[in-house]
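Below, chains carry the letters A, B, ... as their sequence lines are ordered, and counting in each starts from 1. Quantities reported herein were computed from a predicted structural model and do not represent experimental measurements.
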There are 2 protein chains.
Amino acid sequence: MSRDANKPSSRPRGAPRRGEAREALMQAALELVASEANFSAISLRRIARQAGVVPTAFYRHFEDLDALGLTLIEDTFRSLRAILRDAALSSMPLKGLVRYSVELFAHYVRDNQLLFQFVVKERFAGTVAMREAIHNEIVLVTNALAADLARFDEFSHISQNDLRVISDLVVNTVITLSERILDVDPDNAEDDALMLRAEKQLRLIFMGVGRWDSQPG
Amino acid sequence: MSRDANKPSSRPRGAPRRGEAREALMQAALELVASEANFSAISLRRIARQAGVVPTAFYRHFEDLDALGLTLIEDTFRSLRAILRDAALSSMPLKGLVRYSVELFAHYVRDNQLLFQFVVKERFAGTVAMREAIHNEIVLVTNALAADLARFDEFSHISQNDLRVISDLVVNTVITLSERILDVDPDNAEDDALMLRAEKQLRLIFMGVGRWDSQPG
DNA sequence: CATGAATGTGAACACGTGTACACTTTAGGT
DNA sequence: ACCTAAAGTGTACACGTGTTCACATTCATG
């Protein structure tokens, strides 16, 4: 709950704070999407109301709702890319990497609940532009993972193409994990079980890699 | 005595005209969802218009939009369950099962494009009731797969719980495949590549199973 | 045929919507 | 201290929405 009441006319003849409204609109959209079905079910006016802003003010910051959505998606993945870069996963021993990665990711998803909930919902139900944006970002992550895996001796017998196939499977498994974490009641200890399951699945995949034969044809 | 003896289907009391409008409404909803972002972005009136029916007629067949959506989900999975049952996958040799299953499923998804597109979009962006319905159906499929896998000698060393973990991974991989098939241009030969990738991923998983050790702790 | 339930119809209502417009206020560079 | 572009505000309009209500039609069954 915000401290000032949701009375729009209580503002002293104009809200001077700069750039604040833009942030407020984005946050409002996230909150509403989290409490409703999805983004397309929410109106511009509702977002403005939730942000404590007059409807027409929206246009000062975004061309339309689509632009807002794209900005949120961009923000999410910019932040995620930073996390993955700083984690420096490729400089770790493969042993224990799975557990560490899963915990890192799960933690991050929980810390950015609203953003990820937005992305999960819009991945298939969003506008064409949104869907494409999300898809492209996921492709980037998958490629980065493939490049990281290539540095491990355990993957030296895997062709570049197969590395991408494997990374794709890993990324999908992690995406599924995050979808489930977000579906669970926030303060629920149940997502330990979810993490354990994902961890098992990833270890299973890596076991398969040991027997995998990347020969042409 | 009544003379409706040779009528196989006992219609409800009164004069239920052929459920023509009901079918039209469902089909209209599917078409609109396929061409728009998702279900919540479509109004009752638009569905009625597309179905060639007056708005108020909607209420003769469904309590509200949610009920329509739930019916579509139910239909999709009823049909899918039938396919999987008739396929009798568990009576096949494990060898070649992967390729066969992938092709069967891909074919089926393409044949029921609109239905699956609906389910994919509503899986995370739908109403709570819809999301739960879809989730429950997927759990059923996963359990059935686990039971099927248990019959193969190759899985005899796997604990029941791990069988579910593995089935879960397999189901998620297949779901991802269908999402991608639906994203692709319908008459595009590109989904052969998608099927090949999914097939590789499933074989990788089953390779891991060979080395998997289901011991407690 | 007559009945009555299922089904179809059109008018009406109260309301939320996106957005254009003209206006005021603010903040930062000069 | 001034000027100007950016940000904020209230009004207004045309339109689509869900849902109600009373009425018309259909048609298997008694």
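Going from atom CD1 of A/I47 over to atom C1' of C/dT19 covers 15 Å, rounded to whole Å. When rounded to the nearest whole Å, the span between CD of A/E20 and P of D/dA7 equals 13 Å. In this structure, B/E23 atom CD and C/dT7 atom P are separated by 13 Å, rounded to whole Å. Between A/R22 atom CZ and D/dA7 atom C1' the separation is 13 Å, expressed in whole Å. One can place CG of A/D66 at 15 Å from C1' of C/dG18, the figure rounded to the nearest angstrom.
Not a single donor-acceptor pair under 3.5 Å links the side chain of B/S90 to the backbone N or O of B/D148.
In this structure, A/R123 and A/E179 have side chains that are in contact, with non-hydrogen atoms separated by less than 4.5 Å.
A/S159 and A/N161 form no side-chain donor-acceptor contact under 3.5 Å, judged by distance and modelled atom types alone. One side chain, B/Q27 or B/E31, offers a donor N or O that lies under 3.5 Å from an acceptor on the other.
Note on B/H61: every side-chain N or O is 4.0 Å or more away from OP1 and OP2 of C/dA6.
B/L89 CG to B/L104 CG: the interatomic distance, rounded to the nearest 0.5 Å, is 7.0 Å.
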- prompt: Tell me, for nucleotides 13-23 of chain D in 5' to 3' order, what letter each nucleotide earns: B for a base near a protein heavy atom under 4.0 Å, S for only sugar-phosphate near one, - for neither?
  reply: ----BBBBBB-
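In this structure, the ring of A/F118 has its center less than 6.0 angstrom from the ring center of A/F39.
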